[in-house]
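Data first, discussion second: the structure below is written as structure tokens.
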Amino acid sequence: MIQPRVLKGFRDSLPSQEIVKKQVIATLEEVFSSFGFVPIDTPVLEYTEVLLGKGGGETDKQIFHFVDNGGRDVAMRFDLTVPFARFMAGNLHKLPLPFKRYHIDKVWRGENPQKGRYREFYQCDFDIVGIDSAVADTEILLMMSDAFKAMGLSRFTIHLAHRGLLNAFLNHIDCGDHAVEILRIVDKLRKIGEQAVKNQLIEIIGSDEAAAAILNYITPKEGESTTQTIERLSELAGNEEEHTKRLKEIFALLNSLGIASNFILDPSITRGLDYYTGVVFETFLTDLPSIGSVCSGGRYNDLASLYTKEELPGVGSSIGLDRLLSALEELDASLAHSASSSDILILFLDETLLPLYLKTAQTLRESGVRCDLFLSDKKLMAQYKYGEAHEIPYALFVKGEDDFTLRNLEQRSDHELSLKEIVAQVKGTL
RNA sequence: GUGGAUGUAGUUCAAUGGUAGAGCACCAGAUUGUGGUUCUGGUUGUUGCGGGUUCGAGCCCCGUCAUCCACCCCA
């Protein structure tokens with residue numbers, strides 16, 4: 001006998017979870033396509049050299065890679081961004097720019113698993129490439145906001161900062177050489193606290209003064225307006241103008257859209273990844289801050305520089321779907337309760353009526369009602385339990401050609417109804 | 001990858017190195033107007049897996065697998 005085990009960090013998905021996941025994805029796709037975004041897909045396996053690019057130290061260790069039967073060095077994608085860059089470089093001539101795509105699929109990382117962190121997980125990416133403008137930045141932000149609202153999560157805050165401005169500031173105080181390390185440390189502020197960040201900064205740059213200046217830059221000031229903050233940061237960066245202007249434009253657009261209250265300028269947001277050059281953002285749920293960012297991203301100068309000479313600026317964002325799903329569950333969001341397998345269960349009571357059961361089921365299905373037929377004449381109790389286990393709201397007694405009783409399984413109440421009324425009833429309460 | 005904690009019935013939890021238990025859930029039957037009550041009976045099990053110590057291991061030791069936590073990194 002072989003043990004039915006699954007690998008560390010991998011898991012099965014039961015119908016109750018899978019139905020919710022599919023619905024969340026459907027909701028997201030609806031929002032994305034309403035903005036004119038189109039779906040793409042890329043292979044799960046790529047040449048290792050394509051995925052590793054210049055060879056990032058940490059990703060090397062985390063990537064699943066092996067030699068295939070043809071002797072090729074291949075690897076499983078560990079995110080959707082790198083394959084997207086390769087995809088853009090290879091299909092540039094087929095795609096009109098600016099190009100807006102979304103991509104929702106599994107990725108793999110050989111990392112040590114923890115709660116909400118697995119070796120196989122879903123990512124949901126959406127990007128606009130081929131344009132560098134405040135409108136594109138804002139559209140991504142707006143779409144994030146719409147997506148969360150569509151999922152029934154209206155209590156969220158998107159924290160915004162500007163990587164370019166921060167880099168200008170670091171150069172201004174002569175810390176540009178350590179930019180990558182500094183970003184990584186600052187990114188941990190929320191987690192390890194101010195003092196720990198300061199200590200680590202001093203260790204890296206060897207200057208108390210510079211460390212203090214960096215902390216000052218990233219610490220939000222009480223009672224300051226967004227405009228004031230932008231001016232202050234600009235000043236700290238040596239009266240930087242270009243990035244400052246972009247930030248102002250974005251906030252002006254968010255204001256005109258009337259959604260500025262969901263956004264906050266937060267200079268402590270840096271994102272650890274070093275390819276960001278413009279605006280960066282992270283999304284936090286008001287009622288579940290401990291879960292961390294559920295959607296983050298930013299603007300990058302050049303997506304596909306590894307694969308093509310063509311310059312491709314872009315802005316994009318990524319939703320951690322697994323993290324989001326556990327958030328929906330914890331917050332008891334209505335989307336998390338939509339796990340019913342069908343709308344109505346036809347009860348099996350009398351074998352001689354079977355043709356009528358099947359015919360009724362077909363009629364209901366044609367009217368757009370999801371209809372499940374119990375498959376044997378077990379005790380009624382068992383049939384009710386089946387319905388409940390599948391979260392089916394209604395059971396139907398088919399007693400004759402035009403003789404129906406619709407039972408609300410939760411309320412345990414019966415109603416004699418015509419087939420037409422049954423359809424209306426079932427659809428009306430969905 | 002490094003360090004730590006944990007692993008007992010479907011589930012929540014017990015059991016001093018001395019015969020593996022309870023509630024809930026589940027199944028069968030009786031009662032109940034086509035479910036909720038009540039009663040009777042039943043399975044709750046390779047104590048994650050494999051070794052070792054011991055007369056004897058759920059308990060102690062080693063290994064292994066998995067989960068959780070921290071680091072690292074990130075979603």
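Residue numbers begin at 1 in each chain, while the letters A, B, ... track the order of the sequences. Any value given below was found using the heavy atoms of this structure, including those in side chains, with hydrogens, waters and symmetry copies removed. All of these numbers come straight from a predicted model, not from anything done at the bench.
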For B/G63, which nucleotide is its Watson-Crick or G-U wobble mate, given both distances must be under 3.5 Å?
B/C49

Nearest nucleotide by nearest heavy atom, which residue falls closer to the 5' end of RNA chain B, A/Arg109 or A/Phe10?
A/Phe10

Interatomic distance at C1', B/A20 relative to B/C61, whole Å:
23 Å

Using Watson-Crick geometry (N1-N3 plus N6-O4 or O6-N4) or G-U wobble (N1-O2, O6-N3), each under 3.5 Å, B/G3 is paired with B/C69

Looking at A/Tyr276, does the NZ or CZ of A/Arg299 lie under 6.0 angstrom from its six-membered ring centre and within 45 degrees of the ring axis?
no

Looking at A/Arg119, does any N or O in its side chain come under 4.0 Å of the phosphate oxygens OP1/OP2 on B/U67?
no

How would you label the contact of A/Gly297 with the nucleic acid (heavy atoms, under 4.0 Å): base, sugar-phosphate, or nothing?
nothing

What does A/Leu409 touch in the nucleic acid at a heavy-atom separation under 4.0 angstrom: a base, only the sugar-phosphate, or nothing?
base

Heavy atoms from C-beta onward define the side chain here; which of B/U34, B/C26, B/A75 lies closest to that of A/Lys385?
B/C26

Looking only at atom P, what distance separates B/A14 and B/C72, rounded to whole Å?
34 Å

Considering only heavy side-chain atoms of A/Met381, the closest of B/U67, B/G36, B/C27 is B/G36

Separation between the P atoms of B/U37 and B/G4, rounded to whole Å:
50 Å

Assess, by modelled atom type and distance only, whether the side chains of A/Asp132 and A/Tyr300 contain a donor and an acceptor separated by less than 3.5 Å.
no

Go through B/A66, B/A70, B/G36 for me and flag the one nearest to the A/Arg412 side chain.
B/G36

My understanding is that a pair needs two contacts under 3.5 Å, Watson-Crick or G-U wobble. By that rule, which nucleotide pairs with B/A22?
B/U12

C1' atom, B/A15 versus B/U53: distance in rounded Å?
22 Å

If each of A/Asp322 and A/Lys8 is mapped to the nucleotide of RNA chain B with the nearest heavy atom, which maps nearer the 5' terminus, i.e. the 5' end?
A/Lys8

B/G7 and B/G48: how far apart are their P atoms, nearest whole angstrom?
8 Å

The nucleotide from B/U34, B/A70, B/A75 with an atom nearest the side chain of A/Arg271 is B/A75

How about A/Asp372 and A/His390: does a side-chain donor come under 3.5 Å of a side-chain acceptor?
no

The side chain of A/Arg117 is closest to which nucleotide in this list: B/A70, B/G35, B/C72?
B/C72

Considering every strand and a 4.0 Å limit on heavy-atom distances, what is the contact class for A/Tyr118: base, sugar-phosphate, or nothing?
base

For B/U38, the Watson-Crick or wobble counterpart (both distances under 3.5 Å):
B/A30

Any N or O donor-acceptor pair linking the side chain of A/Asn112 to the base of B/U2 at under 3.5 Å?
yes

Ring centroid separation A/Phe126 to A/Tyr102 under 6.0 Å:
no

Take atom CG of A/Leu380 and atom P of B/G36, then tell me their distance rounded to the nearest Å.
11 Å

Ignoring the backbone of A/Lys115, work out which of B/A75, B/C69, B/U34 is nearest its side chain.
B/C69

When rounded to whole Å, the CD to P distance for the pair A/Glu111 and B/C69 reads 13 Å

Which nucleotide, if any, forms a Watson-Crick or G-U wobble pair with B/G17, using both distances under 3.5 Å?
none

Between atom CZ of A/Phe281 and atom CD1 of A/Ile140, what is the distance when rounded to the nearest 0.5 Å?
6.5 Å

Using a 6.0 Å distance limit plus a 45 degree cone around the ring axis, check whether A/Arg109 lies over the aromatic ring of A/Phe64.
no

Does a side-chain N or O of A/Lys188 approach OP1 or OP2 of B/C72 to a distance below 4.0 Å, or not?
yes

Cation over ring, A/Arg407 on A/Tyr384, under 6.0 Å and within 45°?
yes

Name the closest nucleotide to the A/Glu388 side chain, picking from B/C73, B/G35, B/A75.
B/G35

Using the P atom as the reference point in each nucleotide, state the distance between B/U2 and B/A22 in Å, no decimals.
43 Å

B/C26 and B/G33: how far apart are their P atoms, nearest whole angstrom?
22 Å

Respond yes when some side-chain nitrogen or oxygen of A/Gln62 is under 4.0 Å from OP1 or OP2 of B/C73, and no when none is.
no

Using the P atom as the reference point in each nucleotide, state the distance between B/G17 and B/A57 in Å, no decimals.
14 Å

